[in-house]
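Input: a single structure, listed below in structure tokens.
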Number of protein chains: 2
Amino acid sequence: MSRSAGNGAESGSGGGSVGGVGATQGARDDRGRSLTGSLAHRVPDLGAMELLLAVARLGSLGGAARELGITQPAASSRIRSMERQLGVALVDRSPRGSRLTDAGALVTDWARRIVEAAEAFDAGAQALRDRRDSRLRVAASMTIAEYLLPGWLVALRAQLPDTAVSLLAGNSAAVAERLLADDADLGFVEGVSVPTGLDSAVIGHDRLIVVTAPGHPWARRRHPLAAAELAATPLILREEGSGTRQVLDAALGGLARPLIELSSTTAVKAAAVGGAGPSVLSELAVGEELTTRRLVRVPVADVVLARDLRAVWPTGHRPTGPARRLLSLTRA
Amino acid sequence: MSRSAGNGAESGSGGGSVGGVGATQGARDDRGRSLTGSLAHRVPDLGAMELLLAVARLGSLGGAARELGITQPAASSRIRSMERQLGVALVDRSPRGSRLTDAGALVTDWARRIVEAAEAFDAGAQALRDRRDSRLRVAASMTIAEYLLPGWLVALRAQLPDTAVSLLAGNSAAVAERLLADDADLGFVEGVSVPTGLDSAVIGHDRLIVVTAPGHPWARRRHPLAAAELAATPLILREEGSGTRQVLDAALGGLARPLIELSSTTAVKAAAVGGAGPSVLSELAVGEELTTRRLVRVPVADVVLARDLRAVWPTGHRPTGPARRLLSLTRA
DNA sequence: TGAGGGCATAAGCTGGGGTTATGAGCAGGA
DNA sequence: TCCTGCTCATAACCCCAGCTTATGCCCTCA
């Protein structure tokens with residue numbers, strides 16, 4: 001393949017489809033995944049994505065290579081193999097630098113999503129690893145640890161790159177225990193009551209919302225759902241004793257009727273998306289599903305399904321230093 | 001290392017820190033990234049994440065291996081090397097199966113985020129690749145292609161696994177052109193006006209919102225911002241001619257004053273997060289930043305910064321088949 | 001007590017991604 | 001005009017991560 005063969009211009013608008021490739025393997029499983037090679041075989045790896053982002057930012061393969069600490073030929077071949085894998089020209093190589101194709105710009109944006117999720121993963125994993133011998137020890141309840149903390153940690157790391165943050169996840173009681181035993185500097189809990197011995201600040205709200213698949217009759221309701229109606233309808237729920245279940249029971253007066261009981265938020269989401277019925281979930285857990293309309297929010301009239309998200313610390317020990325900084329990142 | 005050495009119990013709540021590892025390399029760059037090895041070296045690859053999810057779901061290494069089409073030793077060693085890399089015990093291996101550690105459960109949830117982003121990437125890439133010779137040809141404007149379409153495609157693929165979807169991204173005019181030339185079956189545009197020759201249905205709204213870094217004075221305002229105040233303040237903006245800029249100018253009467261002009265949404269976000277000043281951005285673009293409070297939304301009083309998101313098709317040619325199905329996934 | 005499912009260990013192969021070394025297109029200044 | 005410096009490409013070689021097959025131990029259950 002000679003210098004600027006084939007791709008080059010790729011005109012003003014669309015997805016550049018590079019020739020050949022021919023891999024239109026029709027075999028798919030029941031979820032539409034190709035059977036030959038799972039995701040990892042069809043999606044470039046993180047290194048390639050980082051490289052692509054660097055190329056996009058710097059406008060040069062060699063520059064990107066330098067930034068990532070590899071050589072220019074390595075970068076070039078990596079990008080090329082990514083293009084081969086995707087069957088789409090991503091960068092327009094010229095002797096004066098490399099610019100993204102239109103398709104490349106789109107792919108880069110999607111790649112950025114993945115890299116951001118990976119950064120959150122990394123920040124969380126780092127915190128998990130930093131257990132002892134660390135400077136800022138955070139204890140958090142599951143929902144917060146799952147959905148919010150990784151993002152905060154990414155932000156915190158931008159401000160305090162040298163602070164090792166350690167994370168410990170558990171229920172409210174465990175968080176309180178750790179704080180009081182001075183095993184943690186700052187805690188995060190969700191729920192109405194604050195464990196005794198702790199001071200707290202509200203940092204946000206976790207609303208439970210009623211959701212259904214778009215096909216469900218409730219998705220087309222024009223008027224909000226009444227509490228009684230909600231209480232009378234069997235719902236896809238977390239198991240009894242779970243945090244969200246407690247809040248729901250309290251709001252309805254202990255009446256929530258389970259259609260199915262599942263032991264993880266993910267399983268509940270999957271069931272709801274699959275159309276098994278309406279469910280009640282934390283809005284933190286279903287943001288993505290709502291924007292892509294895999295789930296639809298059903299407005300509710302006379303029930304308050306909100307619980308506070310709070311930062312907590314031992315009474316008297318106002319957060320200072322890194323803890324204070326983290327707190328300020330989270331606060332409304 | 002013998003059978004159940006070391007990790008095992010790890011009691012009821014937290015992040016299990018496996019011994020050793022010792023890789024607390026202090027060297028970090030200005031963003032807190034470790035210099036030795038970029039993200040890709042600190043984060044397990046997609047294959048490992050998929051494997052972990054499978055183990056979580058099936059409760060067995062061998063079962064997960066079977067599902068992914070690899071052998072049991074391969075799965076075992078892969079998980080083990082992931083644990084070594086993260087410095088945390090993830091699964092509790094027993095002769096009767098494998099369950100996740102508490103830390104493992106957390107890590108699995110974070111991993112799921114990455115895998116979901118990768119699925120969206122894959123769906124988009126597949127559509128980009130399927131240019132010609134496909135059954136459903138979609139043309140979409142950039143914002144929609146970037147933030148919404150991948151999710152819809154994932155959902156559509158669940159319903160119609162065998163339909164090849166092709167995607168073409170461009171501005172409104174390009175979308176219209178493709179539809180009228182019968183180069184596309186369904187289009188998506190944002191903006192107030194519908195190109196002539198096309199019918200449309202509103203499928204959502206893209207609100208532009210005013211955001212700042214949490215440290216900015218506006219972040220602590222108690223009262224909404226007046227339009228005049230917004231118009232009088234220099235803002236971080238996309239370049240003149242961009243879609244969001246047009247809407248903003250229209251809403252303010254052509255008065256928006258740029259503090260900095262940048263040519264990509266990502267660059268604008270980065271500047272705003274960095275505290276360079278207030279900005280106006282699509283709410284689709286800043287969802288993540290808002291929930292993690294890297295950016296804060298500033299309420300605005302008397303300006304309507306909404307534009308419709310519309311599905312469009314050639315007048316008369318009501319969407320049918322897969323196009324209709326996709327439309328129903330997006331519709332309110 | 002055997003059958004079967006679970007996991008571990010060991011030895012060997014393969015290929016993707018890295019490296020060095022070299023050359024060629026294009027711009028801008030002496 | 002030619003040199004210098006940036007860009008990218010190609011070629012030959014190397015290494016190790018991750019896979020495989022083969023085998024064995026642990027535990028449970030009929």
Side-chain angles (χ1 to χ4, degrees), chain A residues 1-8 36-38 40-52 54-55 58-86 89-101 104, chain B residues 1-8 36-52 54-86 89-101:
Chain A
M1 191 185 263
S2 81
R3 182 53 78 96
S4 292
N7 43 14
T36 57
S38 34
H41 296 172
R42 285 172 297 150
V43 175
D45 62 41
L46 272 175
M49 308 237 172
E50 283 189 284
L51 178 59
L52 182 62
V55 171
L58 301 174
S60 144
L61 289 179
R66 241 168 288 130
E67 179 169 285
L68 299 193
I70 62 177
T71 59
Q72 171 265 318
S76 178
S77 104
R78 199 109 196 247
I79 294 283
R80 199 173 284 291
S81 75
M82 183 166 23
E83 290 176 316
R84 188 160 23 87
Q85 181 180 27
L86 296 179
L90 299 176
V91 306
D92 209 343
R93 300 138 184 264
S94 91
R96 305 186 309 286
S98 298
R99 297 228 70 78
L100 289 181
T101 303
Chain B
M1 189 183 268
S2 80
R3 182 52 79 95
S4 294
N7 44 11
T36 57
S38 33
L39 253 196
H41 296 174
R42 285 172 296 151
V43 175
D45 61 43
L46 272 175
M49 308 235 172
E50 284 189 283
L51 178 60
L52 181 63
V55 171
R57 184 155 32 82
L58 301 173
S60 142
L61 288 179
R66 241 169 288 131
E67 178 168 287
L68 298 194
I70 61 177
T71 60
Q72 172 266 319
S76 178
S77 106
R78 198 108 197 249
I79 294 282
R80 199 172 284 291
S81 76
M82 183 165 28
E83 290 177 314
R84 189 158 23 87
Q85 181 180 28
L86 296 179
L90 299 176
V91 306
D92 211 339
R93 299 137 183 265
S94 91
R96 307 186 310 286
S98 298
R99 295 228 71 77
L100 290 181
T101 302

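In what follows, chains carry the letters A, B, and so on, assigned in the order in which the sequence lines appear, proteins first and then strands, with residues in each chain numbered from 1.
- When the P atom of D/dG18 is taken as reference, atom CG of B/Leu46 falls 13 Å away, rounded to whole Å.
- With rounding to whole Å, A/Arg66 atom CZ is found 13 Å from C/dT19 atom P.
- When the C1' atom of D/dC8 is taken as reference, atom CG of A/Leu51 falls 14 Å away, rounded to whole Å.
- OP1 or OP2 of D/dA9 lies within a sub-4.0 Å distance of a side-chain N or O belonging to A/Ser76.
- The shortest distance between the side-chain N/O atoms of B/Arg93 and the OP1/OP2 oxygens of C/dA8 is below 4.0 Å.
- Where A/Ser81 and A/Arg96 meet DNA chain C, the nucleotide closest to each residue was compared, and A/Ser81 sits on the side nearer the 5' end.
- At least one side-chain heavy atom of A/Asp45 sits under 4.5 Å from a side-chain heavy atom of A/Arg78.
- Side-chain proximity of A/Arg78 to the nucleotides C/dC26, D/dA9, C/dG18 is greatest for C/dG18.
- Proximity of B/Glu83 to B/Val91: side-chain heavy atoms (C-beta onward) are separated by under 4.5 Å at one or more points.
- If you take CD of A/Gln85 and P of C/dG16, they are 11 Å apart, rounded to a whole angstrom.
- A 4.5 Å side-chain heavy-atom check between B/Val43 and B/Met49 finds at least one atom pair inside the cut-off.
- Within the nucleic acid shown, B/Thr71 comes within 4.0 Å of at least one base atom, counting heavy atoms only.
- When all heavy atoms of A/Thr71 and A/Ala65 are compared, the closest pair comes out as O-CB, 3.5 Å.
- If you check D/dG18, D/dT20, C/dC26 against the side chain of B/Ile70, the one that comes closest is D/dT20.
- Set against D/dC26, C/dA27, D/dT28, the side chain of B/Pro95 has D/dC26 as its closest nucleotide.
- Atoms CD (A/Glu83) and C1' (D/dC8) sit 13 Å apart, rounded to a whole Å.
- Per the geometry, CZ belonging to A/Arg84 stands 12 Å off C1' belonging to C/dG17, to the nearest Å.
- Nucleic acid contact for A/Arg99: none, since no nucleic acid atom lies under 4.0 Å from a heavy atom of the residue.
- If you check every strand for non-hydrogen atoms under 4.0 Å, B/Ser77 touches nothing.
- Within the 4.0 Å cut-off from OP1 or OP2 of C/dG6, not a single side-chain nitrogen or oxygen of B/Ser98 is found.
- Rounded to whole Å, atom C1' of C/dG18 lies 15 Å from atom CD1 of A/Ile79.
- Nearest to the side-chain atoms of A/Ala74 among the listed nucleotides C/dT19, D/dC27, C/dA8 stands C/dT19.
- The closest side-chain heavy-atom distance from B/Arg80 to B/Arg93 is below 4.5 Å.
- Nearest to the side-chain atoms of B/Ser60 among the listed nucleotides D/dA9, C/dC7, C/dG18 stands C/dC7.
- The CD atom of B/Gln72 sits 15 Å away from the P atom of D/dC25 (whole-angstrom rounding).
- Closest to the A/Arg80 side chain, of the nucleotides C/dG17, C/dC7, D/dA9, is D/dA9.
- Between the B/Glu67 side chain and the B/Ala54 main chain, no donor and acceptor come within less than 3.5 Å of each other.
- Checking D/dT28, C/dT19, D/dA22 against every side-chain atom of B/Pro73, the shortest atom distance belongs to D/dA22.
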